[in-house]
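These notes concern the structure reproduced below.
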Amino acid sequence: FFREEKITRGNQYSRYKLMSLNVQNLREQVVTDQKPFADGLNGSFEILNPGYPSLSTDQTKVVFTIEKYVTASQLVQVDLKTGKWTELFSVENFETIRTGKYKNKLLVGKSEIGNEGRDIYYKVCDHYGKILLEFDGYEEYMKFRSAALTHED
């Protein structure tokens with residue numbers, strides 16, 4: 001989970017720490033509180049505006065989006081034991097597919113220039129960013145998403 005910390009330096013903003021929780025003894029531990037790359041004009045390494053964290057399928061890493069570029073965010077994974085960051089590829093949002101042919105692959109929305117100009121285009125990718133399936137439009141994506149994100153029992 002992310003712990004938010006309000007900071008006031010001239011103006012107020014929030015920075016975050018990626019935390020882990022030991023469910024046996026309820027102890028919290030900081031996994032990481034800084035990115036390995038600097039932000040913007042001030043060169044800050046603080047974690048600002050992280051996306052919703054998701055546990056990797058092998059439960060050793062946390063995967064989430066983080067702002068990095070003017071026009072796009074970056075999908076990253078952080079090792080829970082070492083706190084090491086790995087930048088995966090540029091996306092605006094992602095979900096892990098839970099069932100079917102693409103189980104454990106990523107359903108992503110990427111900001112890019114395509115047939116509709118600059119927009120969010122939806123795709124199925126592996127964890128390296130290799131595109132496995134692209135959708136012709138939002139309705140096709142939503143139909144696929146509805147089936148792909150259903151939990152298997």
Side-chain angles (χ1 to χ4, degrees), residues 1-5 14-39 45-153:
F1 68 94
F2 282 106
R3 164 121 336 114
E4 180 179 15
E5 184 177 28
S14 295
R15 67 180 177 198
Y16 297 83
K17 295 178 182 180
L18 181 61
M19 309 288 292
S20 67
L21 175 68
N22 182 320
V23 293
Q24 294 171 346
N25 61 22
L26 299 179
R27 288 194 182 155
E28 295 179 355
Q29 181 176 339
V30 175
V31 175
T32 184
D33 63 356
Q34 293 196 334
K35 304 183 305 286
F37 51 86
D39 265 333
F45 287 87
E46 295 176 327
I47 299 172
L48 308 171
N49 301 318
Y52 182 76
S54 177
L55 201 54
S56 64
T57 53
D58 65 4
Q59 299 188 5
T60 63
K61 298 170 190 75
V62 174
V63 183
F64 58 96
T65 57
I66 192 83
E67 292 178 348
K68 184 171 182 186
Y69 305 105
V70 173
T71 58
S73 295
Q74 187 78 2
L75 184 65
V76 297
Q77 66 183 15
V78 176
D79 187 285
L80 288 170
K81 288 189 181 181
T82 66
K84 181 180 183 237
W85 288 59
T86 303
E87 295 182 44
L88 300 176
F89 53 98
S90 177
V91 301
E92 292 308 304
N93 54 61
F94 79 100
E95 296 174 275
T96 301
I97 298 171
R98 298 182 185 135
T99 188
K101 176 181 176 181
Y102 297 104
K103 184 176 181 176
N104 296 327
K105 302 299 186 217
L106 301 174
L107 184 56
V108 303
K110 296 182 70 141
S111 176
E112 56 188 35
I113 297 173
N115 292 337
E116 303 298 320
R118 167 72 63 193
D119 205 350
I120 304 293
Y121 293 90
Y122 296 95
K123 307 160 189 301
V124 173
C125 296
D126 65 14
H127 284 78
Y128 301 101
K130 179 180 176 189
I131 297 169
L132 306 173
L133 179 65
E134 295 186 67
F135 300 100
D136 287 331
Y138 186 75
E139 288 165 9
E140 182 183 345
Y141 151 74
M142 286 303 291
K143 183 177 179 184
F144 177 89
R145 182 183 182 275
S146 177
L149 299 180
T150 303
H151 284 287
E152 287 185 328
D153 293 320

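In this chain, residues are counted from 1 in sequence order.
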Inset, instruction - Measure the NZ-CG distance between Lys68 and Leu48 for me, rounded to the nearest 0.5 Å. - result: 14.0 Å

Inset, instruction - Mark yes when over 12 heavy atoms from residues, nucleotides or ligands other than Tyr52 sit less than 6.0 Å from its OH; otherwise mark no. - result: no

Legend entry - side chain to side chain contact (heavy atoms under 4.5 Å, CB included) partners of Glu139, counting only residues at least two apart: none

Inset, instruction - Kindly check if the number of other-residue, nucleotide or ligand heavy atoms within 6.0 Å of CD (Gln29) is above 12? - result: no

Legend entry - Within-4.5 Å side-chain heavy-atom neighbours: Tyr102 and Leu133: yes

Legend entry - Derivation of the side chain to side chain contact (heavy atoms under 4.5 Å, CB included) call for Lys110 and Tyr122: CA-CA 6 Å; Lys110 296 182 70 141; Tyr122 296 95; over 6 Å; no

Legend entry - Min side-chain heavy-atom separation His127-Phe89 under 4.5 Å: no

Legend entry - Spatial distance of atom CD (Glu92) from atom OG1 (Thr65) [nearest 0.5 Å]: 7.5 Å

Inset, instruction - Rounded to the nearest 0.5 Å, what's the gap from OH on Tyr121 to OG on Ser111? Could you check? - result: 9.0 Å

Legend entry - salt bridge (charged side-chain N to carboxylate O under 4.0 Å, His left out): pairs with one or both residues in residues 123-132, sequence neighbours excluded: Glu112-Lys123, Lys123-Glu134

Inset, instruction - Indicate whether the side chain of Glu4 and that of Ser14 have a donor and an acceptor atom separated by less than 3.5 Å. - result: yes

Inset, instruction - Tell me, please, which residues at least two apart from Phe64 pass ring pair (Phe, Tyr, Trp, His ring centres under 6.0 Å). - result: Phe2, Trp85

Only distances under 3.5 Å count here; give the side-chain donor-acceptor pairs of residues 75-84 to other protein atoms, sequence neighbours excluded, each with its distance to 0.1 Å.
unit_1: Asp79; atom_1: OD1; unit_2: Lys81; atom_2: N; d: 2.8
unit_1: Asp79; atom_1: OD1; unit_2: Thr82; atom_2: N; d: 3.0
unit_1: Asp79; atom_1: OD1; unit_2: Thr82; atom_2: OG1; d: 3.4
unit_1: Thr82; atom_1: OG1; unit_2: Lys84; atom_2: N; d: 3.1

Legend entry - Residues that Lys105 engages under salt bridge (Lys or Arg N to Asp or Glu O under 4.0 Å), provided they are two or more places apart: none

Inset, instruction - Could you tell me which non-hydrogen atom of Ser54 sits nearest to which non-hydrogen atom of Thr96, and how far apart they are? - result: OG-OG1, 4.2 Å

Please list every donor-acceptor pair under 3.5 Å in which a side-chain atom of residues 16-24 meets a protein atom from a residue at least two apart or in another chain.
unit_1: Asn22; atom_1: OD1; unit_2: Gln24; atom_2: N; d: 2.8
unit_1: Asn22; atom_1: OD1; unit_2: Asn25; atom_2: N; d: 3.2

Legend entry - Residues in side-chain hydrogen bond (donor to acceptor under 3.5 Å, both in side chains) contact with Thr86, at least two apart in sequence or another chain: none

Inset, instruction - Can you spot which of Gln34, Lys35, Arg15 makes a side chain to side chain donor-acceptor pair (under 3.5 Å) with Glu46? - result: Arg15

Inset, instruction - Identify, with sequence neighbours excluded, every residue that meets side-chain hydrogen bond (donor to acceptor under 3.5 Å, both in side chains) alongside Asn115. - result: none

Inset, instruction - Go through the structure and list residues passing salt bridge (Lys or Arg N to Asp or Glu O under 4.0 Å) with Asp136, not counting sequence neighbours. - result: none

Inset, instruction - Enter the distance from Ile113:CD1 to Asp119:CG here, rounded to the nearest 0.5 Å. - result: 11.0 Å

Legend entry - Pairwise distance CZ(Arg3) to CG(Asp33) - rounded to 0.5 angstrom: 12.5 Å

Inset, instruction - Nearest 0.5 Å please: distance from the CD1 atom of Ile97 over to the CG atom of Leu107. - result: 5.0 Å

Inset, instruction - Take Ser73 and Ile66 through the test side chain to side chain contact (heavy atoms under 4.5 Å, CB included) and record every step on the way to the result. - result: CA-CA 6 Å; Ser73 295; Ile66 192 83; over 6 Å; no

Inset, instruction - Might you point out which heavy atoms bring Val108 and Cys125 nearest each other, and give the distance in Å? - result: CG2-SG, 3.7 Å

Legend entry - Phe37 vs Glu87 side-chain heavy atoms within contact, under 4.5 Å: yes

Inset, instruction - Under the salt bridge (Lys or Arg N to Asp or Glu O under 4.0 Å) rule, collect the residues that match up with Glu95, sequence neighbours excluded. - result: Arg145

Legend entry - Sequence-distant partners of Phe144, ring pair (Phe, Tyr, Trp, His ring centres under 6.0 Å), two or more places apart: Phe135

Legend entry - Listed partners of Asn49 passing side-chain hydrogen bond (donor to acceptor under 3.5 Å, both in side chains), at least two apart: Glu67

